[in-house]
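Heads up, the thing below is written out as structure tokens.
Here the structure is a predicted model, which is why all the values come from computation and not from measurement.
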Amino acid sequence: LTLGRLESKKIMMGREHNLIKRCEYESLDSLNANLAQIESLKELAASHGNDAIFICAPRGVDVLRDFCPPLFDGTICDKAFDRIGDADALRATLRQRALEGEYVYYKTDHHWTALGAYYAYTAFMDAAGLGYYDYGSYTKHTINGFLGTLYSGTNMAKALEENPDYVEWCEFPVANRTYQYNKGDLQNYFASSVMHGYASGPYSYGVFLGGDYPLTIIKTDVNNGRKLVIIKESYGNAPATYIASGFEETYVVDERYYDGNLVELVESRGITDVLIINNCAAANTNFHIANIESLLTQSYSGAIAYPED
């Protein structure tokens, strides 16, 4: 117990058994560089007559501020969202939902829940001029006993084991054909699914897209002529499982593992919409800045195989 905080490895024990990881950055220098890269992606989209939308996903420390220990100072987190601008609307929505008792972030994991991701989905669909499903309309399932990444990173095991999370997930609501690629191999794809209901234990968040594949392609029967590319890290997995239901084709690119060139993908697949989604800590990390820059310049050694069904 230090200065009124129960803390281990920069992870705080907040109210109602919420584990909350501190801000992982001390300045906004990297954030400024990342925003410049995102502007490059927006220019790429504009050159093809498309808009690019950036969602900065808040982390638990950004949303669960009222659950943090009383001496926690979140000034640097607030400054980051001030710099990002309109992304703060989503944070405000999630913070209010959390105060109202909604389960929008896991207590033992650094990701948002299915419900938290749903609010990102509705915000994006509004911005894209598309309708969205009501959360109550989905067929839902639950994975119980989830102890996530923050649990594994602390020594506060007993209190957490007595208060585990659960992972709720929604069935994908439209007919689809889904394909994925293994890391380092864009010449071979395999049939897959949007939701992976077999996920369990500490890997339960993998129910969304099955985890972090370099490329996931979701083709639906929506037939509206809209084709979307999502550039993401793991925070984008859960929103993608909602968003793809509103598009004819969705290409989910993990900026950490995709070896192809984004310009080639946009041009060859007839992309009409671009979404970049990074959590706020990732958006302020040099590693992710370099990844996004590489997407625009790297080339894949060989022809990328695309399903043409």
Side-chain angles (χ1 to χ4, degrees), residues 11-21 55-68 87 89-125 132-154 160-161 163-173 194-212 230 232-245 252 277-282:
I11 299 173
M12 304 175 288
M13 176 68 84
R15 291 195 298 112
E16 299 179 16
H17 297 98
N18 280 284
L19 286 183
I20 303 169
K21 191 169 186 179
I55 292 179
C56 186
R59 291 169 66 99
V61 71
D62 304 307
V63 170
L64 303 177
R65 190 66 54 78
D66 298 280
F67 296 82
C68 288
L90 177 59
R91 180 177 69 148
T93 296
L94 290 167
R95 184 177 289 183
Q96 183 59 38
R97 299 293 185 175
L99 282 173
E100 293 171 0
E102 293 191 13
Y103 187 46
V104 291
Y105 279 77
Y106 298 113
K107 297 173 183 289
T108 69
D109 192 82
H110 68 286
H111 294 104
W112 45 21
T113 65
L115 180 58
Y118 172 82
Y119 290 120
Y121 154 63
T122 60
F124 171 72
M125 299 302 270
Y132 51 82
Y133 289 88
D134 184 84
Y135 193 71
S137 70
Y138 289 101
T139 299
K140 301 180 183 68
H141 303 271
T142 302
I143 304 169
N144 290 310
F146 175 46
L147 294 169
T149 53
L150 299 180
Y151 162 78
S152 62
T154 72
L160 301 173
E161 289 169 358
N163 297 274
D165 282 302
Y166 63 90
V167 177
E168 183 174 77
W169 60 275
C170 303
E171 291 185 11
F172 196 71
V194 178
M195 309 306 300
H196 293 245
Y198 57 80
S200 64
Y203 309 106
S204 295
Y205 186 75
V207 69
F208 306 107
L209 298 181
D212 297 318
I230 300 175
K232 61 87 182 176
E233 35 77 33
S234 64
Y235 257 75
N237 293 5
T241 65
Y242 299 110
I243 291 169
S245 65
V252 186
I277 180 165
N278 270 345
N279 75 75
C280 193

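- In this structure, the side chains of His196 and Trp169 stay at 4.5 Å or more apart for every pair of heavy atoms.
- Counting all heavy atoms, side chain and backbone alike, Phe146 lies closest to Gly201 at CD1-O, 3.3 Å.
- In this structure the side chain of Ser234 reaches within 4.5 angstrom of the side chain of His110, judged on heavy atoms.
- The CG atom of Leu19 sits 9.0 Å away from the OG1 atom of Thr149 when rounded to the nearest 0.5 Å.
- Of the possible donor and acceptor atoms, one in the side chain of Arg95 sits under 3.5 Å from a partner among the backbone N and O of Asp62.
- Put simply, the side chain of Asn279 never gets that close to the backbone of Arg59: no donor and acceptor are under 3.5 Å apart.
- Under a 4.0 Å N-O distance rule, the pair Lys232/Asp212 qualifies as a salt bridge.
- Here the two rings, on Tyr132 and Phe124, have centers that are 6.0 Å apart or farther.
- Summarising the geometry, atom OH belonging to Tyr205 is positioned 9.5 Å from atom OG1 belonging to Thr113; distances are rounded to the nearest 0.5 Å.
- The nearest pair of heavy atoms linking Met195 to Cys170 is CG-O, 3.6 Å.
- No side-chain heavy atom of Leu64 sits under 4.5 Å from any side-chain heavy atom of Arg15.
- Under the 4.5 Å side-chain criterion, counting only non-hydrogen atoms from C-beta, Tyr235 is not in contact with Ile55.
- Atom CD in Glu16 sits 10.5 Å away from atom CG in Asp66 (nearest 0.5 Å).
- Taking the six-membered ring for Trp and the full ring otherwise, Tyr133 and Tyr242 have centroids separated by 6.0 Å or more.
- When all heavy atoms are compared, the tightest approach of Pro58 to Leu90 is CD-CD2, 4.1 Å.
- With rounding to the nearest 0.5 angstrom, the NZ atom of Lys140 is 5.5 Å from the OH atom of Tyr135.
- Thr93 places a side-chain N or O within 3.5 Å of a backbone atom of Ala89 that can act as its donor or acceptor partner.
- Leu150 CG to Met12 CE: the interatomic distance, rounded to the nearest 0.5 Å, is 10.5 Å.
- Between Tyr106 and Val167 there is a side-chain heavy-atom pair separated by less than 4.5 Å.
- Remark: His141 NE2 to Tyr166 OH distance equals 15.0 Å, nearest 0.5 Å.
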Tyr105 vs Asn18, side-chain hydrogen bond (donor to acceptor under 3.5 Å, both in side chains): CA-CA, chis, key distance, verdict: CA-CA 9 Å; Tyr105 279 77; Asn18 280 284; over 6 Å; no
Test log, rule side-chain contact (heavy atoms from CB on, under 4.5 Å), inputs His17 and Thr108: CA-CA 8 Å; His17 297 98; Thr108 69; over 6 Å; no
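- Taking all atoms of both residues into account, the shortest heavy-atom contact from Trp112 to Pro239 is CZ2-CG, 3.4 Å.
- When every heavy atom of Ala240 is checked against every heavy atom of Leu209, the shortest pair comes out as CB-CD1, 4.1 Å.
- Annotation: Tyr203, atom OH; neighbour count of heavy atoms from other residues, nucleotides and ligands within 6.0 Å does not exceed 12.
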Intermediate values then yes/no, side-chain hydrogen bond (donor to acceptor under 3.5 Å, both in side chains), Tyr138 and Glu168: CA-CA 11 Å; Tyr138 289 101; Glu168 183 174 77; over 6 Å; no
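- Nearest heavy atom pair, residue Ile143 against residue Ser204, reads CG2-OG, 3.5 Å.
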